[in-house]
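Counting convention: from 1, in listed order, for ligands and their atoms alike.
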Amino acid sequence: MTDLRPSAVVVLAAGEGKRMRSALPKVLHPIAGRPLLDLVLRAAAELVPAHLVVVVGHGRDQVVAHLSSGWPDVTVAVQAEQLGTGHAAREALAALSAKGTTPDVLAALGPVVLCYGDAPLLTVDSLRRLLAAEGEVRVLTAEVADPNGYGRVLRNAITDDVEAIVEQRDATVAELEVTEINSGVYAFEPNFLAEALGQLSRDNSQGEEYLTDVVSIARRSGRRVVAVRSHAPEEILGVNDRAQLAEVAALLRDRLVGDWARSGVTFQDPRTTWLDVDVDLAPDSTVLRNTQLLGSTKLATGACVGPDTTLRNVQVGEGARVRSTTADSAEIGANAEVGPYTYLRPGTVLGAGSKAGAYVEIKASTVGAGSKVPHLSYVGDATIGAGTNIGAATVFVNYDGVSKHRTVVGDHVRIGSDTMLVAPVTIGDGAYTAAGSVIVEDVPPGAMAVARGRQRSILGWVLRRRPGTESAAAAIAAGGKPSGHIPTETNNGEESH
Ligand code: UD1
Ligand code: CA
């Protein structure tokens, strides 16, 4: 089993992907939060190959830029003209040889695995099975109901040995009936691969060098060719257009949801649940319908998210409840309650047992343990202590038109409804603010801050200025007098809450 580590994995990604009709190279289109190419490279990297090679061509600037940021150890081979998969494989070996890694050097390390960058469902299990098989050429095949578009695997009628792979366009009517297809994933003995790639011709319907011809070359020279049948036939699906992109994305979703479900996560409706490959979901967490968990989102045990929720790079603590929420780069503490209709922006940290309720937006702010922002508020650039209540429709006025300022609210504070906290400002521990106040100065601990106009009620105004209206009639019915002495003003200056 020493063979289980390949000397190199080569990923072909030079094709044009014309049918995507996109300015973005095909292999950079994402599913489950990752470019197709990354999904193939992740599977390849699990084998810990000595070398990882990507053959680029069309859109190579974008592909190379992506590789240098995310996969700095990848060897890039440039295929300037797309002369076929066999030619692309030759360019890969040439790039390795150029850095001293000749086929001889590779042969001492293990086989070369080769796959295509547009088939992202490839499993590590299949790669390991290919490596565990023996033969100069090992090819992953699949039995499919509809072999249309794929190369067919031709076997000897008597020995059942694989004799050749014939491309659809070059196949005879009888060969087209074959339902065992070439997945495009192979393992090769390096020296034989180099030798065979030197013998490819372009004598076929597409005038290309077919990598698949290596199979018949091996047979003619008495080498062993082994076909390994896939246990997960969907892994052969390649993406050629955006309909297939959506199909493959849904299959990957099914696979991810299925894996997490088997590890103890409850999904109410897998078909409307979307998970990125890097999420981490603890056993006994629950995901309700219409929910997307993206990026590095993590759910702790007992957390329940959804319905109608999108979380990107969010950590949800034990037992937290998150409904109808959009959140990005936020932390939701244990047993916190969020939603419905809540927007948590980057830098939001909600403490244990805290609450961010309906129509609340929070950005770059910490809400302490047990504190509540229950309704209709904007909290920006704030630090809120523990056990504090922020009244409905409070706004943290953090922007003076030029720069942002911070607000600090202490522990066990009661902010009255509709308070404007004009930053920079500090509200001391245990302080209160009166509803409707515009707070521009610091409030000392334990103080009640009142900052609003006093109320004036001009008595009889409706009867004098709006006579004959329904309002006037209602006022008269309530005891108002149409004539005679009516005091014109009162001040009820006491605050009430
Ligand atoms: C290929 C196989 C076919 C198999 C199918 C599985 C060959 C000749 N045929 O057919 O047997 O059933 O895949 O999906 O290999 N590429 C390059 N440079 C090139 C040409 C292609 O890098 O010059 C890359 C493409 O970007 C793509 C991959 O190789 O990622 C496969 O090429 P494609 O033209 O799509 O091959 P198929 O016709 O699908
Ligand atoms: Ca293809």
Side-chain angles (χ1 to χ4, degrees), residues 9-20 22 24-29 35-37 39-41 44 53-60 62-64 76-95 114-122 126 137 139-144 146-154 162 164-171 175-176 178-186 188 193 196-197 200-217 227 230 233-241 244-245 247-248:
V9 177
V10 173
V11 181
L12 303 193
E16 185 168 4
K18 212 184 258 168
R19 283 170 285 170
M20 295 296 281
S22 179
L24 188 67
K26 174 165 76 176
V27 292
L28 295 186
H29 279 258
L36 300 177
L37 180 58
L39 296 171
V40 176
L41 289 172
V53 184
V54 176
V55 181
V56 301
H58 270 283
R60 84 186 80 151
Q62 286 178 77
V63 178
V64 168
V76 172
V78 176
Q79 186 192 25
E81 239 189 310
Q82 278 65 64
L83 302 175
T85 48
H87 178 255
R90 207 134 51 78
E91 295 288 15
L93 292 188
L114 190 143
C115 56
Y116 300 156
D118 61 358
L121 300 181
L122 176 61
S126 289
V137 177
V139 55
L140 185 70
T141 70
E143 277 295 341
V144 293
D146 176 14
N148 198 35
Y150 291 98
R152 309 297 204 277
V153 177
L154 306 183
V162 175
I165 292 171
V166 61
E167 291 307 295
Q168 161 127 353
R169 294 204 232 178
D170 303 294
E175 288 166 347
L176 288 175
V178 172
T179 53
E180 184 182 6
I181 56 119
N182 169 29
S183 70
V185 184
Y186 321 81
F188 299 107
L193 177 63
L197 290 176
L200 297 178
S201 84
R202 289 193 212 157
D203 182 17
N204 53 53
S205 66
Q206 300 184 74
E208 290 186 354
E209 291 182 30
Y210 289 164
L211 177 62
T212 44
D213 286 348
V214 167
V215 170
S216 47
I217 292 170
S230 168
E234 84 280 356
E235 74 185 319
I236 54 130
L237 291 175
V239 172
N240 294 312
D241 59 33
Q244 290 170 335
L245 184 72
E247 195 184 319
V248 161

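Looking at Glu81 next to ligand 1, no N or O pair under 3.5 Å apart turns up. The shortest N or O to N or O distance between Gly184 and ligand 1 is not below 3.5 Å. At least one N/O-N/O distance between Gly15 and ligand 1 falls below 3.5 Å. Not one N or O of Thr212 is nearer than 3.5 Å to an N or O of ligand 1, by distance alone.
Of all heavy-atom pairs between Gly184 and Tyr116, the closest is CA-CE1, 3.6 Å. Nearest approach of Leu121 to Glu234, heavy atoms of both residues: CD1-O, 3.5 Å. Glu91 approaches Ala77 most closely through the heavy-atom pair O-CB, 3.7 Å.
Distances from ligand 1 to the non-hydrogen atoms of Ala13 include at least one value under 4.0 Å. Heavy atoms of Gln79 approach ligand 1 to within less than 4.0 angstrom. Taking 4.0 Å as the cut-off, Gly84 counts as a neighbour of ligand 1 on heavy-atom distance. Residue Ser183 places a heavy atom less than 4.0 Å from ligand 1.
The contact set between ligand 1 and Tyr116, taken as ligand atoms under 4.0 Å from a residue heavy atom, comprises 1 (C), 2 (C), 7 (C), 13 (O), 15 (O), 28 (C), 29 (O), 30 (O), 31 (C). The atoms of ligand 1 that sit less than 4.0 Å from any heavy atom of Gly151 are 3 (C), 4 (C), 11 (O), 12 (O). If you number the atoms of ligand 1 from 1 as listed, the ones under 4.0 Å from a heavy atom of Tyr210 come out as 8 (C). Taking a cut-off of under 4.0 Å to the non-hydrogen atoms of Ala88, the atoms of ligand 1 that pass are 17 (C), 18 (N), 22 (O).
Remark: among candidates Lys26, Arg169, Glu208, Glu167, the nearest residue to atom 9 (N) of ligand 1 is Glu167, based on non-hydrogen atoms. Between the choices Asp118, Val56, Asn182, the shortest heavy-atom distance to atom 5 (C) of ligand 1 belongs to Asn182. Looking at Val11, Thr85, Val27 and measuring to atom 8 (C) of ligand 1, the nearest heavy atom belongs to Thr85.
Side chains of Leu245 and Leu36 form a contact here, defined as non-hydrogen atoms less than 4.5 Å apart. Side-chain contact between Ile181 and Thr141: absent, with no pair of heavy atoms (C-beta onward) separated by less than 4.5 Å. Inter-residue side-chain proximity for Val162 and Val215 is flagged as met; some heavy-atom pair is nearer than 4.5 Å.
Contacts between Ile181 and ligand 1, counted as non-hydrogen atom pairs separated by less than 4.0 Å, are absent for every part of the residue. Counting heavy atoms under 4.0 Å from ligand 1, residue Val55 does not touch it at all.
For Glu235 and Ser126, the side-chain atoms include at least one donor-acceptor pair closer than 3.5 Å. Asn148 and Gln168 form a side-chain donor-acceptor contact under 3.5 Å, judged by distance and modelled atom types alone.
A search for salt bridge (charged side-chain N to carboxylate O under 4.0 Å, His left out) contacts involving Glu143 returns Arg229, not counting sequence neighbours.
The distance from atom CG of Leu237 to atom CG of Leu122, rounded to the nearest 0.5 Å, is 12.0 Å.
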Working note: His87 + Glu208, criterion side-chain hydrogen bond (donor to acceptor under 3.5 Å, both in side chains); need CA distance, chi angles, decisive distance, verdict. CA-CA 8 Å; His87 178 255; Glu208 290 186 354; over 6 Å; no

